[in-house]
Visitor: 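One structure, as C-alpha cells, below. Some questions next.
Indexing begins at 1, ligand by ligand and atom by atom, following the structure's order.
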Amino acid sequence: MCGIVGFSSKDTSAVGPLLNGLHRLEYRGYDSAGVALEGAEGIKIYKQTGKVAKLDALLKKALPGDEAQKFTIGIAHTRWATHGLPTVANAHPHVSGDGSLALVHNGIIENHAALRAGLEKRGAKFLSQTDTEVLAHLVGAFDKGDLFSATCEALRRVEGTYGVALISEKHPGEMIVARKGSPLVIGVGENETVVASDVSAIVAYTRQVIYLKDGDVARITPDGIEIRSLDFASVSREVQEVDWDIGSIEKGGYEHFMLKEIFEQPDALQNTIRGRLDSRDGTAILSGLNLTPRELAAVRRIVVIGCGTSLHAGMVGKYLFENLADIPASPEQAAEFRYSNPIVGPDDLVIALSQSGETADTLAAVRESIRKGALVASLCNVVGSTIARETGRGVYLHAGPEISVASTKAFTAQVMALCMIALKLGRTRRLSREDGIQLAAEIERIPELIKAVLAQSKTIEQIAEKYAKANDMFFIGRGILYPTALEGALKIKEIAYVHAEGYQAAELKHGPIALLREETPVVALLADVPGKEKTLGNVQECRARRAPVIGIVTEGDAAAAAAVDDTIFIPRTLPSLSPIVTVVALQLFAYHVARLRGCEIDQPRNLAKSVTVE
Ligand code: AGP
C-alpha cells in the first residue's frame, strides 16, 4: 500500500510539510517517492526511487535557498509497487496527456487496461506501466473547465480502489481528493489544509480532521473545503478531534519504533483494558459491541477473520472462546474466507481483526459476512478506519499508533480484547462469577507481568547472539501456544529475514523433524499450560537430533529449564493469558536477532504496514 500527502496554504511553502508527511507515511511503502508542486510557473514534478530521504536530497538541490517558498500547494506520494517495477517512470505523481494535471494514488484500478485501451484509441501516450497514470489521463480527458466534476466523471468509470489527490495548472489553487477503499483524511488547520492516508502525517499541523468515506470527493482551496458524492450531490462530514499527539509517533529515545512499541505494551494494554472490566461481577464492559445479553447468548458460532499477525491473534481467540465461553470458534484467513463462499449467517458472530482497519482482504471478508446476514464486529487500532466504520460495532484496541511494520503491541492488545469478549460471552453462559472475577483480576495483572519479561531484554539479547547466524529456525507450541509459535516465527521472518516455521509441537515428528540439525535452533513454548509435559517430550526429540532448544519457561519450572539449552523465564499466569506474556519474549528475541544481523527492522524489505490491495 502507498502513502499520500497533500498540502494547501495561502502563504506557507508546501515542500517541507509534504516531505515531513511522506516520512511519517514511509512505513506504508517505500520503494519510490515523488512530489508535484504548484507555483506561479505551473506544476513542477520531482520523483526518485528508494526512500523518502533520497527525494529530500533531490529537492534540496533542485530548490536551493528560498525557492521552495514559491510553492504553497502540492501533493506527494511514497510507493509500494503493485503495477510495474520501482522506477522513476513508475513513481507517482503521474500526469495527464498534456502534462497539466498531476495525480497521486493509493489502491488498484482493476479496469485500468480497458480504460487505457480506450484512451490510447483517442491518441493518449503513456509513460509508465502503472494503473495510476490511466486515471490521470482520464481526469484530464474529462476536464472541460471544472476539475471537480471532471474528477467525479472519471472516478465513476473506475472499478477497484483508490485514495487520490490531484492538482492542475488549469485550475490554480485547487486540489481534488477522493477515496474508495483506501483511507484518506483531511486535516483542517488554521492556515493550511493537509490531506494524508492517515493522521500520523497530519497531527503535526492540526488534530481537527475529517475522515472521508468511500465515494467522497473533496475540493480543497485556500478558502475552504467542499465535499460531494461521485454523482456530485453535496455531502457533509463532521470534523473530529484526533485523540493522540505527535509525541506518540516519535521514537522517544528508542533505536527503532519496533523496540519502542514492544516496551509500550504495558501502557498499551492498560489502555486496552481501561474501563472495560467489571471486577465485582467478573465480566467485561464492552459497549462498543452494541449487542444485548440476549443477542450475545444467542451466538451459536464465532468466526475470527484476519491476516498475518491479526490472523494469529484470531487463532488464539479460538481457544479463548471455546475454553471460556463454550462457543465453537474458527479462525479464518480473510482472503481464503471471502472467496470460499463462506457458510455464515444470523447465528454467527464474525469478528474482524485488523490493526490498521484497512487491510483489503479483511475488509472484503467483512463485506461478505454482512452480505450473508452474520453479526459482524471488529477489533481495530485505528479509530475511524474503514473496517471499524463498516462493521459499526467492535472494540477499539487503544494501543496507540503502531508505526513499525512488524506488529507487536497490536497483537497483544487484540488477544487481550478477545479475552475480554470471551469473558463477557462466557458470563452469558456457564462461566461462573467466581471464575470471571479470577480472570478479570489476572487480566489486570498482565501489564506488570509484561514488564517482568521486558526486564529480561539483555538476557534475551545474549541468547540471540548465540543464534543470530542461524538460517533456519522452528517455533513449537501446543494448544493456545501454537498460534503464538506462528507469531514468533513471523516476527523472525519479517525483520531478521531468517526462514522460520511455527509448528504444533506434536506435528514435528511427522516429517519436519527431518530438517533438524545442530544449525537449526528450536524455540519451544513451555509456559505452564495443558500439554506442557508433552511438549517437553518433543523437546527431547529435537535435542536427540542435536538441534539446540531455547525454552520459554514459566518462572520456577526447573524441570523445563533443565530440559533445554537456553531459557527465557516468563511469569506464571492463567493459560488463557499465556500467549500475551510468551509473545513478548519472542518479540524481543526476533528484535535482537534482527539487530545483530544488521537488518532494517522498522521498514523491512518488500513489506508495507497495511496491505490495502488484494
Ligand atoms: C505483522 O507483523 C505484519 N505486518 C502483517 O502480517 C499484518 O499483521 C497484516 O498485514 C494484517 O494487518 P492489519 O492487522 O492491519 O489488518
Visitor: Please find the pair of heavy atoms, one from Glu494 and one from Pro604, that lie closest to each other, and give the distance.
Guide: O-CB, 3.1 Å
Visitor: Return the residue, atom name and 0.1 Å-rounded distance of the protein heavy atom closest to atom 6 (O) of ligand 1.
Guide: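 The answer is Gly308 CA, 3.2 Å.
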Visitor: Between Asp214 and Lys180, does a salt bridge (Lys or Arg N to Asp or Glu O under 4.0 Å) hold up when you go through it step by step?
Guide: CA-CA 4 Å; Asp214 282 355; Lys180 181 185 163 214; over 6 Å; no
Visitor: Is there a nitrogen or oxygen of Gln414 sitting under 3.5 Å from a nitrogen or oxygen of ligand 1?
Guide: no
Visitor: Return the set of residues passing side chain to side chain donor-acceptor pair (under 3.5 Å) with Gln456 (not counting sequence neighbours), or none when no residue passes.
Guide: none
Visitor: For atom 11 (C) of ligand 1, which protein heavy atom lies nearest, and how many Å away is it?
Guide: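 Answer for atom 11 (C) of ligand 1: Cys307 O, 3.4 Å.
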Visitor: Pairs of nitrogen or oxygen atoms closer than 3.5 Å, one from Ser356 and one from ligand 1: do any exist?
Guide: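 Yes, there is a polar N/O contact under 3.5 Å.
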Visitor: Assess Glu358 for proximity to ligand 1: is some non-hydrogen atom of it under 4.0 Å away?
Guide: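 No, Glu358 has no heavy atom closer than 4.0 Å to ligand 1.
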Visitor: Over 60° means perpendicular and under 30° means parallel, so tell me whether Phe589 and Phe475 are parallel, tilted or perpendicular.
Guide: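 Judged by the thresholds at 30° and 60°, the geometry between Phe589 and Phe475 is perpendicular.
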Visitor: For ligand 1, which atoms sit closer than 4.0 Å to a heavy atom of Glu494?
Guide: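 This gives 1 (C), 2 (O), 3 (C), 4 (N) as the contact atoms.
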Visitor: Looking at Ser369 and Val344, what are the two nearest heavy atoms and their distance?
Guide: CA-CG2, 4.4 Å
Visitor: Number the atoms of ligand 1 from 1 as they appear, then name those within less than 4.0 Å of a heavy atom of Ser407, with their elements.
Guide: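 Those of ligand 1 that fall under 4.0 Å from Ser407 are 1 (C), 2 (O).
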Visitor: Which ligand 1 atoms, with their elements, are less than 4.0 angstrom from a heavy-atom of Ala406?
Guide: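 Here the atoms of ligand 1 in question are 2 (O).
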Visitor: Measuring from Met258:CE to Ile495:CD1, what's the distance to the nearest 0.5 Å?
Guide: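 Rounded to the nearest 0.5 Å, the CE-CD1 separation comes to 3.5 Å.
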Visitor: Could you list the atoms of ligand 1 found under 4.0 angstrom from a heavy atom of Thr309?
Guide: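 Here the atoms of ligand 1 in question are 1 (C), 2 (O), 6 (O), 8 (O).
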Visitor: Taking the minimum heavy-atom distance to atom 16 (O) of ligand 1, which of Thr359, Asn381, Ile305 ranks first?
Guide: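 Comparing heavy atoms across Thr359, Asn381, Ile305, the nearest one to atom 16 (O) of ligand 1 lies in Thr359.
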Visitor: What about Val405: any of its N or O atoms under 3.5 Å from an N or O on ligand 1?
Guide: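 Right, the criterion is met.
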Visitor: In the protein, what heavy atom is nearest to atom 10 (O) of ligand 1, and what distance, to one decimal place, separates them?
Guide: Val611 CG2, 4.2 Å
Visitor: Are Arg605 and Tyr497 in a cation-pi contact, defined as NZ or CZ under 6.0 Å from the six-membered ring centre and within 45° of the axis?
Guide: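 Because its charged atom sits under 6.0 Å from the ring centre and within 45° of the axis, Arg605 does stack over Tyr497.
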Visitor: At less than 4.0 angstrom from any non-hydrogen atom of Ser310, what atoms of ligand 1 do you find?
Guide: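 Under 4.0 Å from Ser310, ligand 1 has these atoms: 8 (O), 13 (P), 14 (O).
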Visitor: Ignoring hydrogens, what is the shortest heavy-atom contact between Ala422 and Leu324? Give both atom names and the distance.
Guide: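 Heavy atoms of Ala422 and Leu324 come nearest at CB-CD1, 3.8 Å.
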Visitor: After noting the C-alpha distance and the side-chain angles of Ser404 and Asp602, does the key distance pass the side-chain hydrogen bond (donor to acceptor under 3.5 Å, both in side chains) rule?
Guide: CA-CA 5 Å; Ser404 182; Asp602 280 334; 3.1 Å; yes
